[in-house]
Amino acid sequence: MAKSEDVSDQDDQQTNDGAAHGNDGGGRFALDLEALGLSDDVTALPDDIEELRVEIDRMDAVILAAIQRRSAVSKKIGAHRMATGGPRLVHSREMKVLDRFSALGSEGHTLAMLLLRLGRGPLGR
Ligand SMILES: C=C(O[C@@H]1C=C(C(=O)O)C=C[C@H]1O)C(=O)O
C-alpha cells in the first residue's frame with residue numbers, strides 16, 4: 001500500500017510551468033495520501049456498512065470536486081491556447097494522461113478519456 005503516489009508528467013513545455021505550481025519542475029507530485037485521508041489502506045476502517053458508506057460519500061464528494069476543478073483548468077488552458085493561435089488539443093500531453101491512469105488497469109483508459117472529454121467542453125471533437 002503506497003503512502004504516496006507519484007504523478008509524472010515530465011516535459012510538456014506548452015502548458016506546464018513546473019515549480020510555479022509547487023511541483024518539482026518536472027511535473028511530479030508526491031501526495032501524502034495518509035495526510036489527505038486518501039490512502040487505499042482501509043484496514044483501520046470499521047466493519048460497519050453505514051460508516052463505510054459515509055466514507056464512500058466523502059470520497060464521491062472529493063472525486064466530484066476534483067473532476068470539476070480539473071475540467072475547469074483544462075478548459076482554461078484550451079481557451080488560452082486557442083486565443084493565442086495554438087492547437088485545440090495536445091496529443092503528447094493527452095498520451096501522458098492516458099498513461100497515468102493505466103495504473104487503474106484497462107478501465108483507467110476509459111476514465112482518462114472521460115476526463116479529457118470533460119475538459120474539452122465546447123472545444124470537444
Ligand atoms: C489541458 C490541456 O489541454 C488539453 C487537455 C488536456 C487534459 O485535459 O489533460 C491535455 C491536453 C490537451 O489536449 C493541456 O494542454 O495541458
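Here the structure is a predicted model, which is why all the values come from computation and not from measurement.
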Distance check, rounded to the nearest 0.5 Å: R70 atom CZ versus L118 atom CG? 9.0 Å
Would you compute the distance between atom CD1 of I67 and atom CG of L111 and round it to the nearest 0.5 angstrom? 6.5 Å
Rounded to the nearest 0.5 angstrom, the CG-CG distance for D47 and L52 is 7.0 Å
Are M95 and M113 co-members of a hydrophobic cluster defined by side-chain heavy atoms under 4.5 Å apart? yes
Residues T43 and D41: side-chain donor-acceptor under 3.5 angstrom: yes
When you compare the side chain of V90 with that of R81, does any pair of heavy atoms fall below 4.5 Å? yes
Determine whether V97 and L116 make a side-chain contact, defined as any pair of heavy atoms from C-beta on separated by less than 4.5 Å. yes
Are L33 and I56 connected into the same hydrophobic cluster when the rule is that any two of I, L, V, M, F, W, Y join if their side-chain heavy atoms are below 4.5 Å apart? no
Work out which heavy atom in S39 is nearest to a heavy atom in E34; give both atom names and the distance. OG-OE2, 3.5 Å
Heavy-atom pair with the smallest gap, counting every atom of R58 and L36: NH1-O, 4.3 Å
Count I, L, V, M, F, W, Y as connected when their side-chain heavy atoms are under 4.5 Å apart, and connections chain through other members. Are V42 and V54 then in the same cluster? no
In terms of heavy-atom contacts, does CG of L45 have more than 12 from other residues, nucleotides or ligands at under 6.0 Å? yes
When rounded to the nearest 0.5 angstrom, what distance separates CG in D48 from CZ in R53? 10.0 Å
Is it true that a side-chain atom of S74 and a backbone atom of S71 form a donor plus acceptor pair closer than 3.5 Å? no
Atom pair CG (L104) and NE2 (H109), whose distance is rounded to the nearest 0.5 Å: 12.5 Å
Would you compute the distance between atom CG of L115 and atom CZ of R120 and round it to the nearest 0.5 angstrom? 11.0 Å
In short, E51 meets P46 closest at the heavy-atom pair OE1-CG, 3.3 Å
Mark yes when over 12 heavy atoms from residues, nucleotides or ligands other than L64 sit less than 6.0 Å from its CG; otherwise mark no. yes
